[in-house]
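Okay, so here's the structure we're looking at.
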Amino acid sequence: MARYIFITGGVVSSLGKGLASAALGALLQARGYTVRLRKLDPYLNVDPGTMSPFEHGEVFVTDDGAETDLDLGHYERFTGVAARKTDSISSGRVYSTVLDKERRGDYLGKTIQVIPHVTNEIKDFLKIGNDEVDFMLCEIGGTVGDIEGLPFFEAIRQFSHDKPRGECIFMHLTLLPYLAASGELKTKPTQHSVKELQSIGIAPDILVCRSEHPIPDKEREKIALFCNVRKESVVAAYDLKSIYEAPLAYHAQGLDQAVLDAFGISPAPAPKLDMWHDVYDRIHNYDGDVKVAIVGKYTQLEDAYKSIAEALTHGGMANRVKVKIEWVDAELFDREDAAPYLEGYHAILVPGGFGERGTEGKIKAAQFAREKNIPYLGICLGMQMAVIEAARNVAGIATAGSEEFDHETGSKRFEPVVYHLKEWVQGNHKVARKTDDDKGGTMRLGAYNATLTAGSKVAEVYGTTQIEERHRHRYEVDTKYREQLEKVGLCFSGMSPDGKLPEIVEWKDHPWFIGVQYHPELKSKPFAPHPLFADFVRAAVENSRLV
Ligand code: GLN
């Protein structure tokens with residue numbers, strides 16, 4: 001039987017609900033329980049796939065091919081549980097399902113209303129697939145009181161009402177602002193936020209209070225009394241140096257104990273936190289740093305490359321160095337010499353991206369890394385740009401480019417070394433691309449296997465020749481050019497199992513130059529850094545010793 005923990009937020013947004021949920025998940029695992037983390041998102045987009053990375057941060061892709069919110073990335077990085085399509089849902093998806101059903105006549109002529117039709121749809125979603133876990137943790141996006149979030153709040157209230165007493169608890173995150181003038185932490189916004197929650201029928205069992213200053217006992221008592229929670233259930237959340245300190249920090253504040261108490265689980269199994277102590281140690285005890293440039297397009301919002309930044313941090317932890325990430329806007333040197341922008345970095349990473357803007361700069365970054373023997377990791381678009389660079393500057397295909405760019409402008413400027421794939425194989429069945437003009441759901445998405453060439457650099461890095469990684473792209477490197485490119489030293493060292501789709505390229509005579517068509521960053525964890533990132537950072541360290 002699963003127990004349910006619903007996590008809501010109030011007072012202000014961006015309090016770190018996702019992080020608190022993920023850390024709590026990790027702590028319950030440390031106590032020997034199995035967990036599943038899920039997210040209800042109030043926005044009206046059907047999924048985040050079409051949302052701008054500038055606005056919404058990165059799209060996190062699951063093994064089963066869902067384009068989800070980056071919070072699912074946090075969950076996975078903290079618990080190691082692979083996120084699934086059914087782990088998140090948006091209002092947009094819920095309404096779209098309800099409206100489809102209405103059109104099909106499934107409601108037999110009834111008047112369709114938010115309650116019960118929309119709320120039932122949410123409850124049905126919440127019921128799927130929790131049987132195999134001890135705890136299902138479910139975060140509700142936004143803050144209490146948001147109009148669009150109301151159906152979700154009503155649905156979780158009903159959900160807990162439908163369950164036997166003691167199977168569901170509510171955890172609410174708030175902020176205790178500090179007034180410097182009077183030197184006080186103010187509890188009123190928290191009281192109001194809890195009132196708001198109570199007015200829609202939800203009484204929180206646990207309050208997690210973000211605060212920049214220690215919460216005095218007196219204030220804790222006051223919050224407990226006015227918000228009707230036990231004093232031990234008012235848990236402080238202070239600012240941390242690294243998000244990966246969160247499990248230990250929350251444990252020290254008694255969060256996991258408060259949760260188990262709220263469920264009446266006694267005696268609680270003792271936590272095994274060795275793994276998190278090791279993570280903590282690696283964050284705090286390192287030997288020097290390396291500077292890595294991420295040459296991208298969405299550099300104003302770091303969340304746009306969240307998983308990459310995290311995976312680099314994990315790579316640093318694996319090597320006991322600090323990775324200093326610098327964001328370099330590729331567009332700056334689309335038409336100029338890239339060298340002044342790229343000198344001084346110990347490694348260069350070109351991440352995924354869409355559209356032509358900034359691609360000439362990325363091609364130059366690949367060229368710079370190749371010529372100067374700087375470690376290069378190209379991810380998805382970053383691999384495609386490395387191939388185009390090789391084709392243009394080494395194999396003599398002067399007009400090499402990607403069909404993606406011609407597609408945008410409707411012209412035929414480039415020789416399509418990277419082409420638009422229409423049909424491919426997943427496992428043992430064929431997949432055909434859906435219509436072109438619908439931007440959502442037209443990509444090669446989710447986990448695919450790849451076979452690596454024995455003896456190649458990547459095979460050595462992975463320590464195996466069979467891998468499975470997550471994809472999110474429409475275009476592919478054309479094998480038509482394989483022979484020509486391999487002749488000049490760019491090896492196709494990883495291919496789809498049917499040998500048709502290039503998954504990995506690497507320069508033979510380069511200290512570390514690898515391009516991958518997939519997104520390895522999505523599977524990296526602080527306690528299990530992805531081998532490509534661990535080795536990329538190792539190569540950066542080696543390079544830093546040469547400079
Ligand atoms: N725009 C490229 C494609 O669709 C690369 C996508 C990506 O980097 N995720 O193939």
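Atoms within a ligand are numbered from 1 in the order they appear, just like the ligands themselves. Heavy atoms only: backbone and side chains are in, while hydrogens, waters and symmetry mates are out.
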Flag [X] as yes when one of its N or O atoms lies below 3.5 Å from any N or O atom of ligand 1, and as no otherwise.
X	value
Gln517	no
Phe354	no
Gly353	yes

Per-atom filter on ligand 1: closer than 4.0 angstrom to a heavy atom of Cys380 are 5 (C), 6 (C), 7 (C), 8 (O), 9 (N)
Here the atoms of ligand 1 under 4.0 Å from any heavy atom belonging to Arg474 are 3 (C), 4 (O), 10 (O)
Under 4.0 Å, heavy atoms only, figure out whether ligand 1 is touched by the backbone of [X], its side chain, both or neither.
X	answer
Glu476	neither
His519	side chain
Arg472	backbone

With a 3.5 Å cut-off and no angle check, do the side chains of [X] and [Y] form a donor-acceptor pair?
X	Y	result
Glu356	His407	no
Thr86	Arg36	yes
Glu121	Tyr95	no
Tyr448	Trp424	yes

### Query
Can we say Asp100 and Arg103 salt-bridge, meaning some charged N sits less than 4.0 Å from an Asp/Glu carboxylate O?
no
Salt-bridge present (Glu139, Arg38; N to O < 4.0 Å): no
Self-check item: Expected output: side-chain Thr453 to main-chain Ser493 donor-acceptor under 3.5 Å
Solution: yes
Atom 2 (C) of ligand 1 has as its nearest protein heavy atom Glu404 OE1, 3.3 Å
Of all protein heavy atoms, the one nearest atom 10 (O) of ligand 1 is Tyr475 N, 2.9 Å
- Is the His519-His471 ring centre distance short of 6.0 angstrom? no
Close approach, Gln384 and ligand 1, non-hydrogen under 4.0 angstrom:
yes
